[in-house]
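All remarks here apply to the structure that follows.
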Amino acid sequence: MIRINDNFKNLEKNYLFVDIERKLEEYQKENPKADIIKLGIGDVTLPLCPSVIRAMHSAVDEMADKSTFHGYGPQSGYMFLREAIAKNYYKYNVSINPEEVYVSDGAKTDASCIQEIFSPDGYALVCDPSYPVYVDSNIMFGRKVRYLSANESNNFLPMPDETLNPSLIYLCSPNNPTGAVYSREQLKKWVDYAIRIQAIIIFDAAYEAFIEEKDLPHSIFEIEGSRECSIEICSFSKNAGFTGIRCAYTIIPSDLKIGNIKVGDIWSRRQSAKFNGVSYVTQRAALEVFSSKSQKEIAECLSYYKRNAKLISETLDNIGIWNIGGNNSPYIWLKCPLKMTSWEFFDYLLKNVGIIGTPGSGFGPNGEGFFRISSFGSYENTLEAKKRLELLEF
Ligand code: PLP
């Protein structure tokens, strides 16, 4: 008799965005004229840049001609894109071989699937709060998860705990939801620890393009020793607006081995069984992201979001709300005033100023009492949010 995989019964119910929508609907029913500003969004809102659109159009035209049509592509990505991704690491003084690049349809896909090539024994170490995918995917696979507390006293950047012995370590920098970014020295400690205990770091760099401070690392591979113990996952979603197009990549260095087995070979084998590659049109669009013209256009989009982030974080400073994240990430992580819980502050903002954000408690128990505001809204809405927030006093 068929049964549900018991691991799935161990998943926490995740009602965060459902609850936000429900509360919004209830409020709008009672206040049909209310003008609500949504700053909870984790999705980009600006369109793809013109150069990328042109590249996509021309790739579509290729698909219309028998001589240039593309069917199934190589499952790890076309070499033209793998080479461009590898070359892009030069700017961080990092040398990556194109063969170490695995193109996929999303960082979410890779961040959730990569763990299944490792034995379910032991446990994964995840920072709390965090992007929920790391926890859910390990639980679905039957691996235990333990948490490291990210809190005000460690600036939301937990460091290795020598009493723990995880097999997998998830680090996300810049972090979703807190916007905190690890320094080189901190990452070096993580790398040394992972090597010492023979664990693997899964480094999620989805928001690296938002880093502004000069000395902060964009890639785990900027850290000495990392090639022996790390996998990096990155995406075109947040830097180039590909959330709806879907393209990302994972870097598995050839030096990353367990015994004499190369981890990259196992991932490749897994992908050949479960994945059929990213569309040619999408990969041509992703290639165009690296052209100097697109880089200029993309930089304009990023500065648009960054201007929003600065506006929100300065406004919060002015009204006396503790916050971090706005300088190196698209998210502002704030401490709810007057000791409100995350959901109390959600209701407070909605009822008093018509602003929607995301309760921090939705990202893990340590997020309780905190709140995430996103810079992915429009400038006009962000400006309006500033005016409304300035009406509040704490
Ligand atoms: N990693 C983090 C930390 C994220 O916050 C997100 C999306 O919000 C993703 C990965 C997903 O990226 P993608 O659109 O490439 O699946």
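Position 1 is the first residue of the sequence, and the numbers go up from there. Just so you know, ligand 1 is whichever comes first in the structure, and atom 1 is the first atom listed for that ligand.
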Sidechain N-carboxylate O distance under 4.0 Å for Lys262, Glu100: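 Looking at Lys262 and Glu100, the cut-off is not met.
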For the pair Arg246 and Asp105, find out whether any cationic side-chain nitrogen is under 4.0 Å from an anionic carboxylate oxygen.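 A salt bridge is absent here (no side-chain N lies under 4.0 Å from a carboxylate O).
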Look only at interatomic distance and state if [X] has a nitrogen or oxygen under 3.5 Å from any nitrogen or oxygen of ligand 1.
X: Tyr331; answer: no
X: Tyr131; answer: no
X: Ala107; answer: yes
X: Thr109; answer: no
X: Ser235; answer: yes

Does Tyr207 come within less than 4.0 Å of ligand 1, judged by its heavy atoms?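 In this structure, Tyr207 qualifies as a contact of ligand 1 - some heavy atom is under 4.0 Å.
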Could you tell me if any non-hydrogen atom of Cys172 lies under 4.0 Å from any atom of ligand 1?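 Yes; Cys172 lies near enough to ligand 1 that a heavy-atom distance drops under 4.0 Å.
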For the residue pair [Y] / [X], report whether a side-chain donor-acceptor contact shorter than 3.5 Å exists.
X: Gln115; Y: Tyr170; answer: no
X: Asn352; Y: Arg388; answer: no
X: Gln75; Y: Asn276; answer: no
X: Tyr249; Y: Glu232; answer: no
X: Lys91; Y: Asn88; answer: yes

Which protein non-hydrogen atom lies closest to [atom], naming both residue and atom, and how far is it?
atom: atom 16 (O) of ligand 1; value: Arg246 NH2, 2.7 Å
atom: atom 7 (C) of ligand 1; value: Lys238 NZ, 3.2 Å
atom: atom 14 (O) of ligand 1; value: Ser237 OG, 2.6 Å
atom: atom 2 (C) of ligand 1; value: Asp204 OD2, 3.4 Å

Where's the contact between Tyr134 and ligand 1, heavy-atom distance under 4.0 Å: side chain, backbone, both or neither?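 Just the side chain.
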Does Phe242 approach ligand 1 within less than 4.0 angstrom via side chain, backbone, both or neither, non-hydrogen atoms only?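 Answer for Phe242: neither.
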Parallel, tilted or perpendicular: rings of Phe80 and Tyr78 (30°, 60°):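 Plane angle under 30°, so parallel.
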Angle between ring planes, Phe236 versus Phe242, binned at 30° and 60°: parallel, tilted or perpendicular?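 It falls in the tilted class, 30° to 60°.
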Under 4.0 Å from a heavy atom of Gly106: give me the atoms of ligand 1 that qualify, with their elements.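 Those of ligand 1 that fall under 4.0 Å from Gly106 are 15 (O), 16 (O).
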